Participant: 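Please see the structure below; I have some questions.
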Amino acid sequence: MVSAALVAKVLSQAVTLAVHSWEYGTVCEALLEWKNPEWSVFGADPFPGGKLPVLNVDQVDALNYVKPHIRTNNVTLVDGAGAAGDPASLGVPALLIGKTNSVYTDAAVRQEKHLVNDVPRWPNGAISQRESLPELWADEVYMAPPFLAYYAVAKNNLALAKESAGQCLLYRDVLVTPTGPWYHITGPQTKDFGLWSTGNGWAASGMARVLSTLRKSPFNSATESEQSSLTAAIKHIIDSAIALDTDSSGLLRNYLNDTTWFGEISGTAMLTATTFRLAVLAPDSFGGKYTKWAEKKMGVVDAGIDAGTGIVSPAINPLNWHDRTPFTTGSPEGQSFVVLMHAAYRDWKAKKR
Ligand SMILES: *[C@@H]1O[C@H](CO)[C@@H](O)[C@H](O)[C@H]1NC(C)=O
Ligand SMILES: *[C@@H]1O[C@H](CO)[C@@H](O)[C@H](O)[C@H]1NC(C)=O
């Protein structure tokens with residue numbers, strides 16, 4: 001078991017290395033879940049009285065960190081470099097900061113309207129990951145639906161709460177393979193019909209955030225069927241990842257079913273984190289078999305942490321998922337996933353006692 005001080009080192013590398021829209025959002029979520037778990041959607045009561053909490057931004061590291069990265073003069077919260085989904089990853093903190101600074105709420109409102117009204121859609125209604133054309137990336141499930149779910153609570157909008165889960169399931173309908181894992185990308189411009197480990201991690205973990213948001217919200221009983229659909233979709237991914245977990249490294253391969261690929265920490269950490277979250281949210285479906293697997297994967301990921309620098313390796317190159325050279329200088333998202341894994345493990349342990 002690694003120390004909290006070492007996890008903090010892993011996290012501080014994530015903060016230092018992040019330079020892209022989705023990386024800011026993911027670092028922010030890692031900071032929140034690690035340092036202020038009570039205000040993440042996995043906390044016991046993240047919506048006191050059914051509402052978003054009013055926090056002192058200066059006292060919440062996640063919000064303090066991300067605030068300068070949120071722009072308040074545009075339709076999106078940060079430049080997504082063509083991605084429609086990625087800027088939405090700053091939506092949750094924008095809404096939280098907005099409780100004491102309405103300029104940020106206004107920015108979040110513009111972002112939500114843009115996503116829902118302007119961004120192209122797949123024929124089945126799934127909101128595109130791209131601004132310019134309909135294209136579905138598994139990654140998007142971590143970026144937009146958790147924001148839409150949180151926004152639904154902020155605006156007391158049951159239809160949007162249901163829609164946030166619905167968006168995940170529309171992505172699932174298009175990307176899921178017969179054996180369970182999801183393809184990475186489909187669309188006219190970019191295609192990746194491989195079972196990208198990190199993509200499956202983004203999808204499963206994004207769905208877990210939506211599930212927990214709905215569960216802790218005033219919409220809990222009104223969204224029971226959405227919650228059980230999300231639980232089943234997550235389980236389908238985790239079950240297939242476990243079935244394909246056969247690499248001698250002990251890590252999931254970058255492409256889960258392709259034995260020519262190396263095992264790597266990013267997808268492994270994210271799917272492990274999700275398993276611990278689901279062991280708390282849906283213990284009947286995620287019993288001891290799952291947490292034993294997750295504890296084992298955590299041990300292998302942790303063995304890849306450099307105790308001096310806090311860098312975790314081998315990761316997949318976060319900007320080129322086809323890169324056959326293991327990435328060893330610190331993946332911003334991979335560093336965040338390892339922190340999310342430890343936050344999820346800690347919270348599962350606390351619940352278990
Ligand atoms: C909004 O951001 C886009 C890039 O994300 C930029 O091209 C555009 O000029 C910005 N608009 C304003 C009003 O700043
Ligand atoms: C992995 O799974 C995908 C999707 O089902 C399939 O297209 C591909 O051929 C498989 N690759 C290997 C190496 O089995």
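Both counts, for ligands and for their atoms, begin at 1 and track the order of listing. The shown structure was predicted, so the numbers you read here are calculated from the model rather than taken from an experiment.
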Participant: Protein non-hydrogen atoms only, distance under 4.0 Å: does atom 14 (O) of ligand 2 have such a neighbour?
Facilitator: yes

Participant: Are any of the N or O atoms of D258 closer than 3.5 Å to those of ligand 2?
Facilitator: no

Participant: Checking a contact table here: which protein heavy atom is nearest atom 8 (C) of ligand 1, and how many Å away?
Facilitator: N74 ND2, 3.8 Å

Participant: Tell me whether the guanidinium CZ or amine NZ of K162 lies under 6.0 angstrom from the six-membered ring centre of F219 and within 45° of its axis.
Facilitator: no

Participant: Numbering the atoms of ligand 1 from 1, which are under 4.0 Å from a heavy atom of D79?
Facilitator: 4 (C), 5 (O)

Participant: Is there a donor in the side chain of E33 and an acceptor in the side chain of H342, or the other way round, less than 3.5 Å apart?
Facilitator: no

Participant: For T179, state whether at least one heavy atom is located under 4.0 Å from any atom of ligand 2.
Facilitator: no

Participant: Measure L195 to ligand 2 on non-hydrogen atoms and call it side chain, backbone, both or neither using the 4.0 Å cut-off.
Facilitator: side chain

Participant: Any side-chain donor-acceptor pair under 3.5 Å between R71 and T76?
Facilitator: yes

Participant: Which of the atoms of ligand 2 are close to N257, meaning less than 4.0 Å from one of its heavy atoms?
Facilitator: 1 (C), 2 (O), 3 (C), 8 (C), 10 (C), 11 (N), 12 (C), 13 (C), 14 (O)

Participant: So which heavy atom in the protein is nearest atom 7 (O) of ligand 2, and how far is it from that ligand atom?
Facilitator: F193 O, 4.6 Å

Participant: Both conditions, 6.0 Å and 45 degrees, for the charged tip of R277 above the ring of F42: are they met here?
Facilitator: yes

Participant: Tell me which one of D139, T198, T190 satisfies side-chain hydrogen bond (donor to acceptor under 3.5 Å, both in side chains) with H184.
Facilitator: D139

Participant: Sequence neighbours left out, cut at 3.5 Å: what donor-acceptor pairs do the side chains of residues 84-91 make with other protein atoms?
Facilitator:
{"residue": "D86", "atom": "OD1", "partner": "Q129", "partner atom": "NE2", "Å": "3.4"}
{"residue": "S89", "atom": "OG", "partner": "D86", "partner atom": "O", "Å": "2.7"}

Participant: Tell me the contacting part of E131 for ligand 1: side chain, backbone, both, or neither, using a 4.0 Å heavy-atom threshold, strictly below.
Facilitator: neither

Participant: Does M1 share a hydrophobic cluster with L6, counting links as ILVMFWY side-chain heavy atoms below 4.5 Å and allowing steps through other members?
Facilitator: yes

Participant: Is the shortest N/O to N/O distance between T76 and ligand 1 below 3.5 Å?
Facilitator: no

Participant: Can I get a per-line list of side-chain donor-acceptor pairs under 3.5 Å for residues 22-31, giving both atom names and the distance, sequence neighbours left out?
Facilitator:
{"residue": "W22", "atom": "NE1", "partner": "E333", "partner atom": "OE1", "Å": "2.8"}
{"residue": "E23", "atom": "OE1", "partner": "V19", "partner atom": "N", "Å": "2.9"}
{"residue": "E23", "atom": "OE1", "partner": "H20", "partner atom": "N", "Å": "3.0"}
{"residue": "E23", "atom": "OE1", "partner": "H20", "partner atom": "ND1", "Å": "3.1"}
{"residue": "E23", "atom": "OE2", "partner": "H20", "partner atom": "ND1", "Å": "3.2"}
{"residue": "Y24", "atom": "OH", "partner": "V19", "partner atom": "O", "Å": "3.2"}
{"residue": "T26", "atom": "OG1", "partner": "W22", "partner atom": "O", "Å": "2.7"}
{"residue": "E29", "atom": "OE1", "partner": "R209", "partner atom": "NH2", "Å": "3.3"}

Participant: Within a distance of under 4.0 Å, is there any protein heavy atom near atom 11 (N) of ligand 2?
Facilitator: yes

Participant: Just to confirm, does any protein heavy atom lie below 4.0 Å from atom 5 (O) of ligand 1?
Facilitator: yes

